[in-house]
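Structure first, commentary second.
This structure is a prediction, so every number in the text was calculated from the model and none was measured. Naming: A, B, ... by sequence-line order, numbering from 1 per chain.
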Amino acid sequence: MQARNYPPKPKDVYLFGTCLIDLFVPQAGMDAVRLLEREGLTVHFPQDQSCCGQPAYTSGDAEAARKVARAQMKLFAQDWPVIVPSGSCAGMMREHWPKLFADDAAYGPQATALAERVFELSEFLVHVLQPDYSAARAEPVKVALHTSCSARREMGTRVHGLSLLASLPGVEVVEHVRESECCGFGGTFSLRHPDISGAIVRDKVDSIAGTGCQRFITADCGCMLNISTAAQHRSVAVAGTHMASFVCERLTGESA
Amino acid sequence: MSKHPMQFVPTADFKERARGALDDDKLRKSFRGAMDFLQAKRRNQFSDEHERESLRDLGSAIRKYALARLPDLLEELESKLTRNGIQVHWAENAEEANAIVLDIMRRNQARRMIKGKSMASEEIELNHYLAEHGMECIESDMGEYIVQLAGEKPSHIVMPAIHKNKADVAKLFEENIPDTPYTEDVDELIQTGRRALRRHFMEADVGLSGVNFAVAETGTLWLIENEGNGRLSTTVPPVHVAIMGMEKVVAKLEHVVPLVSLLTRSATGQAVTTYFNLISSPRRSGELDGPREVHLVLLDNGRSQAYADEQLRSTLQCIRCGACMNHCPVYGRIGGHAYGTTYPGPIGKILSPHLLGLDEAGDLPFASTLCGACSEVCPVRIPIPDLLIRLRNEAKRNPNETVATPLRGQGAKHSAAERVVWQFWSGAFKSPKAWKALRWGATRLRAFTPGAQAGWTQHRTPLKPASRSLHDMLKDRDQPE
């Protein structure tokens, strides 16, 4: 991960909603929009968007990934930042699209240029918008934080998540043992190697439950769905909330 | 020596073995404890983040520098070693390497070999081969010795017997070493092992060792170790045979210093090892000890394939510290034996396809979440997840497709059915209309979401789409009807 230069606060941004949020946790996308608008931005959501191509890319079908990625690229024609409320998808667009099109004279430069303006939501909030949440609800709450591995390593999302949560009054982040370890999702890995994936997520659920927190906050939907449904399967009272939704929840009472 | 020498069928039964390991509570506890311990030891050694990252930069640059000049450095190494009196042998594959070692033994009327730790010798299954030819091989690294007594293979490249607890070792020693009562006292067990091995050092005709680094400019073989068995194996018997993968050469003596620091701190969390052996010649006239012959076997065994590809070449930067496996969420849960390959864990997943072919490596490149814990700790910055993705692409490639430098076993995981799935997937996601229709179907028909979803619901509740997609919610908001 390279240290990056952040732009000044823009007037307009794009939202790339990601396919998992789109289908399974759309409220997280709505909450991301709300947080961006709260800072005075106009959020543009190209209706033709779908997926970053990560599932095919990590499964070894680069051509299928390229087809889908190409279809997204043309949707972000203006020079506005592209905000992604999911760390691993942001990492895919920022780190892997340029590699995917490295040998492509037409799309290569486009992918590299676009990668420069892809930001994970919490990263963008912390570094560019610097919101003031001091008037948010103050009653104490303890939560655990889970950061997707690729997001942490490619986008520095853990630091941004901690920083965002620290800016919320009354929120205490409880560190769990092996917080930095993978949750076992890994996209199609969870389907291809269900036993190993199941063993890893089991430990992750226990690790979070061990803090006494029933909630964990995460900026990545794949991990969130993996951990939450694995906890539910064993009737362990642990459930994930998307970072954007959690921040919005703390801002309740503020005029939207 | 070993009662049941194991010929591993590489990875055919990976999933089944992994399942077995996951169900073995004792094994999982052993590995979890060991991995936590090793992670903490490494962390303590690298408390200064800036120093660590600078050293990793340097280590990576040194290894890249050496690989960029590999053919020249190997020739220089050969000429310097030869000048120093060390005989150099080139082995293209395991059969050749084994035959070279056997030939050296026969020419010296040797029957008994004492072995220091060598993963290259594990790779070519030397013990098994020599046993078939009537030779006796004794492993003298304590971990390797334990594994040999158990008739197993190492489960870790640095700590071969990490899957064994002290009760396992106590039982093995009681059963295999005469006059040894059962004890779980670790110091006593170590002393028992030392006593048993001492005799073998004195009786051996040939000592075999691995090599950590070979220095081209000086013709020096570096061997680092903690137990002293490496020094005994390379100095007591009259003949010493060293074996190394051909990528382990470095250009200059000074290049070894940062690499050794990275190696010991990453591997076992030690600032230095107890022993440094710098071997530069056989016994010279007037010297009182040392072997009268020293040989080096340079092993290719598939490494050329990785070398030939600019991206895959970084696989050969590896200095075999094992930090990638110590930090891997998959290795930590299934242990080394489940992989079925000489090199387990993340490095095994990227190296084995070259040593064995993508067909033999089976599902290994796919058995990773790509979390990147391995590359984060790799002392020479091998981009392991990127290499796994590349190998996945090569494994999925149509076997009939002609590419400039095909990998052995290319297309082994090609499946027409899976290809259709991804074609359907890309068709759906590249077309806004198709994705819209899918969204519509998934959200409106969510009541019909299947309760059993492939591997997902084995350990999780089913995924159920929301009643409205983000697309719909934002469309309604922006263009109210």
Side-chain angles (χ1 to χ4, degrees), chain A residues 15 17 19 21-30 33 45 47-51 53 55-65 67-68 70-71 99 149-150 153-154 180-187 189-203 225-226 229-230 232-233, chain B residues 15 18-19 22 28 329-330 333-334 363 365-373 375-376 385-386 389 391-396 413 418-419 422-423 425-432 435 439 442-443 454-466 468-475 477-478:
Chain A
L15 181 75
C19 60
I21 285 184
D22 200 1
L23 265 195
F24 297 103
V25 206
Q27 189 55 46
M30 296 303 284
V33 172
F45 182 81
Q47 277 281 332
D48 283 354
Q49 63 178 278
S50 60
C51 169
Y57 178 69
T58 56
S59 299
D61 199 324
E63 198 37 54
K67 280 182 193 160
V68 171
R70 268 197 294 266
K99 292 183 206 166
C149 295
S150 50
R153 300 198 167 97
E154 289 165 358
S180 62
E181 200 170 79
C182 178
C183 75
F185 175 54
F189 170 81
S190 58
L191 307 178
R192 200 172 176 116
H193 291 281
D195 294 307
I196 304 174
S197 175
I200 302 177
V201 71
R202 186 185 182 91
D203 290 351
L225 293 169
N226 180 41
T229 57
Q232 209 173 23
H233 187 72
Chain B
K15 282 188 182 181
R19 207 161 22 238
L22 290 169
R28 282 189 63 185
V330 174
R333 284 179 179 76
I334 64 173
D363 225 41
F366 296 88
S368 163
T369 66
L370 305 175
C371 77
S375 52
E376 188 173 74
D386 284 350
I389 290 175
L391 291 167
R392 289 177 185 189
N393 272 281
E394 298 301 336
K396 291 276 164 132
K413 286 281 163 184
E418 196 183 335
R419 189 76 200 100
W422 286 119
Q423 263 165 1
W425 176 88
S426 62
F429 280 90
K430 76 177 181 185
S431 149
W435 175 227
R439 280 198 316 269
T443 51
W456 182 263
T457 43
Q458 212 169 304
H459 300 279
R460 303 168 194 84
T461 52
L463 285 177
K464 198 172 182 181
R468 286 163 77 228
S469 69
L470 178 63
H471 275 79
D472 290 345
M473 289 167 90
L474 281 170
K475 196 167 189 179
R477 194 191 81 139
D478 296 339

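Between B:Phe366 and A:His193, the shortest heavy-atom distance links the atoms O-CD2, 3.7 Å. Of all heavy-atom pairs between A:Cys182 and B:Thr369, the closest is SG-OG1, 3.2 Å.
Residue A:Phe24 touches chain B through both its backbone and its side chain, counting heavy-atom pairs closer than 4.5 Å. Neither the backbone nor the side chain of B:Glu394 comes within contact range of chain A; no heavy atoms are under 4.5 Å apart. There is no contact between A:Ser180 and chain B, counting heavy-atom distances below 4.5 Å. Contact of B:Ala367 with chain A is made through backbone and side chain together, with heavy-atom distances under 4.5 Å. With a 4.5 Å cut-off on non-hydrogen atoms, B:Ser368 touches chain A through its backbone but not through its side chain. Contacts between B:Leu463 and chain A at a heavy-atom distance below 4.5 Å involve backbone atoms as well as side-chain atoms. With a 4.5 Å cut-off on non-hydrogen atoms, B:Ala442 touches chain A through its side chain but not through its backbone. Using a 4.5 Å cut-off between heavy atoms, B:Trp456 touches chain A through backbone and side chain atoms alike. Interface remark: B:Leu22 contributes side-chain atoms only to the contact with chain A (heavy atom separation under 4.5 Å). With a 4.5 Å cut-off on non-hydrogen atoms, A:Gln47 touches chain B through its backbone and its side chain both. Only the backbone of B:Arg468 comes within less than 4.5 Å of a heavy atom of chain A; no side-chain atom from C-beta onward does. Heavy-atom distances place the backbone of B:Thr457, and not its side chain, under 4.5 Å from chain A. Of the two parts of B:Lys413, only the side chain, counted from C-beta on, holds a non-hydrogen atom closer than 4.5 Å to a non-hydrogen atom of chain A.
Most heavy-atom pairs under 4.5 Å with chain B, from the set A:Gln27, A:Glu181, A:Arg192: that is A:Arg192. Ranked by non-hydrogen atom pairs under 4.5 Å with chain A, the options B:Gly372, B:Ala395, B:Ala18, B:Ala428 are led by B:Gly372. Heavy-atom pairs under 4.5 Å with chain A were tallied for B:Cys371, B:Ser426, B:Pro432, B:Ala466; the largest tally goes to B:Cys371. When each of A:Thr58, A:Leu191, A:Val201, A:Leu15 is checked for heavy-atom pairs under 4.5 Å with chain B, A:Thr58 comes out on top. Chain A forms more heavy-atom pairs under 4.5 Å with one residue of B:Ile334, B:Leu474, B:Asp472, B:Leu470 than with any other, namely B:Leu470. Counting heavy-atom pairs closer than 4.5 Å to chain B, the top residue among A:Ser190, A:Ser150, A:Gly29 is A:Ser190. By number of non-hydrogen pairs under 4.5 angstrom with chain B, the leading residue of A:Gly17, A:Ala199, A:Pro26 is A:Pro26. If you tally non-hydrogen atom pairs under 4.5 Å between each of A:Ser50, A:Ala71, A:Pro194 and chain B, the highest count goes to A:Ser50. Interface summary for chain B: among A:Lys67, A:Glu63, A:Arg202, the most heavy-atom pairs under 4.5 angstrom belong to A:Lys67.
Distance CE/A:Met30 to CZ/B:Arg477: 5.5 Å, rounded to 0.5 Å. To the nearest 0.5 Å, the span separating NE2 on B:His471 from CD on A:Gln49 amounts to 5.0 Å.
Two residues are said to be in side-chain contact when any heavy atoms from C-beta on lie closer than 4.5 Å; B:Leu370 and A:Tyr57 fail this criterion. Residues A:Ile200 and B:Arg333 form a side-chain contact, since some pair of their non-hydrogen atoms from C-beta on lies under 4.5 Å apart.
Formation of a donor-acceptor pair under 3.5 Å by the B:Lys430 side chain with backbone atoms of A:Ala64 is not found in this model. The main-chain N or O of A:Ala62 is found under 3.5 Å from a side-chain atom of B:Asn393 such that the two form a donor-acceptor pair.
Defined by atom type and a distance below 3.5 Å, a donor-acceptor pair is present between the side-chain atoms of B:Arg460 and A:Ser197. With no hydrogens or angles considered, no side-chain donor-acceptor pair links A:Asp61 and B:Gln423 at under 3.5 Å.
Applying the salt bridge (Lys or Arg N to Asp or Glu O under 4.0 Å) rule to B:Arg439 yields no partners; only residues at least two apart in sequence or on another chain are considered. Partners of A:Phe185 by ring-ring contact (aromatic ring centres under 6.0 Å, His included), not counting sequence neighbours: none found.
Under the 30°/60° scheme for interplanar angles, the aromatic rings of B:Trp425 and B:Phe429 are found to be tilted.
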